[in-house]
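To keep things clear, I will list the structure first and then write my remarks on it.
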Amino acid sequence: DENWRALAKGGESVVAIINPDNGPVSHGSKFYKSYVPCMLMLHAKRVQMVGYVPTKLSANRFRPVADIKRDIYLWATAYPYIAGIFIDMQPTHPVKGAANVDGDFVKYYKDLFGYFKHNWWKGYKIIINPQIPFPTEFIQGETHSADMVVLYQGDVSKFNPACNAP
């Protein structure tokens with residue numbers, strides 16, 4: 001596919017978010033069979049790849065931690081050459097009535113970061129995509145923090161660094 005080849009041209013300067021079907025899929029999925037050859041091509045061109053992990057079901061419903069950990073496990077065991085995970089949809093403040101977070105959304109995410117770093121890939125990346133501003137606790141500490149933060153998502157010509165800082 002032309003899009004994969006264009007992405008591969010960026011080589012090691014690219015971090016590609018791999019998202020077969022709103023997160024990882026098992027070996028038997030039609031998406032798995034089509035993604036792995038493309039991932040092998042990206043790896044050959046030295047493109048860094050991270051696996052997509054969604055964390056919210058809706059505005060005030062978070063995915064159960066066990067489901068997110070299952071996604072992390074699947075990325076760690078079923079996909080070649082993944083260099084980390086991309087955790088999407090963190091809130092920027094406590095969500096009133098949020099399900100599955102037990103009232104402390106910062107702890108919810110920091111526990112996920114720690115699970116990933118302790119159990120799977122020491123030294124690999126955790127990239128997060130929160131809204132701005134975000135809690136700086138998400139990037140504090142070595143074992144329970146994100147390594148990279150997406151500060152802007154949209155048309156690069158409309159990006160204003162002064163407006164997108166935490």
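The figures here come from the full heavy-atom set of this structure, side chains too, leaving out hydrogens, waters and symmetry mates. For the single chain, residues carry numbers from 1 onward in sequence order.
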Going by ring-ring contact (aromatic ring centres under 6.0 Å, His included), name the residues that satisfy it together with Y35, two or more places apart in sequence or in a different chain. W4
Would you list the atom pairs, donor with acceptor, under 3.5 Å between side chains in residues 10-18 and any protein atom, with sequence neighbours excluded?
unit_1 : atom_1 : unit_2 : atom_2 : d
E12    : OE1    : R46    : NE     : 3.0
E12    : OE1    : R46    : NH2    : 3.1
S13    : OG     : G10    : O      : 2.7

Run the salt bridge (charged side-chain N to carboxylate O under 4.0 Å, His left out) test against D67 and tell me which residues pass, sequence neighbours left out. R70
Could you tell me which residues satisfy ring-ring contact (aromatic ring centres under 6.0 Å, His included) with Y81, sequence neighbours excluded, listed by chain and number? H43
Are P24 and Y73 side-chain neighbours, meaning at least one heavy-atom pair lies under 4.5 Å? no
Scan for salt bridge (Lys or Arg N to Asp or Glu O under 4.0 Å) pairs involving residues 13-35, sequence neighbours excluded, and state none if there are none. none
Test side-chain contact (heavy atoms from CB on, under 4.5 Å) applied to I126 and D147, V53, V50, I72, the passing residue: D147
Taking only residues two or more places apart in sequence or in another chain, which ones pass side-chain hydrogen bond (donor to acceptor under 3.5 Å, both in side chains) with S157? D155
For the residue pair K45 and K9, establish whether any side-chain heavy-atom pair is separated by less than 4.5 Å. no
Backbone N or O of P54 within a donor-acceptor pair of the D88 side chain at under 3.5 Å? no
Minimum-distance pair of heavy atoms, taken over all atoms of L74 and S26: CD2-N, 4.0 Å
Using side chain to side chain contact (heavy atoms under 4.5 Å, CB included) as the criterion, list what pairs up with S29, not counting sequence neighbours. V25, F31, Y32
In chain order, what residues pass the side-chain hydrogen bond (donor to acceptor under 3.5 Å, both in side chains) check against D111, with sequence neighbours excluded? K107
D71: side-chain hydrogen bond (donor to acceptor under 3.5 Å, both in side chains) partners, not counting sequence neighbours: R63
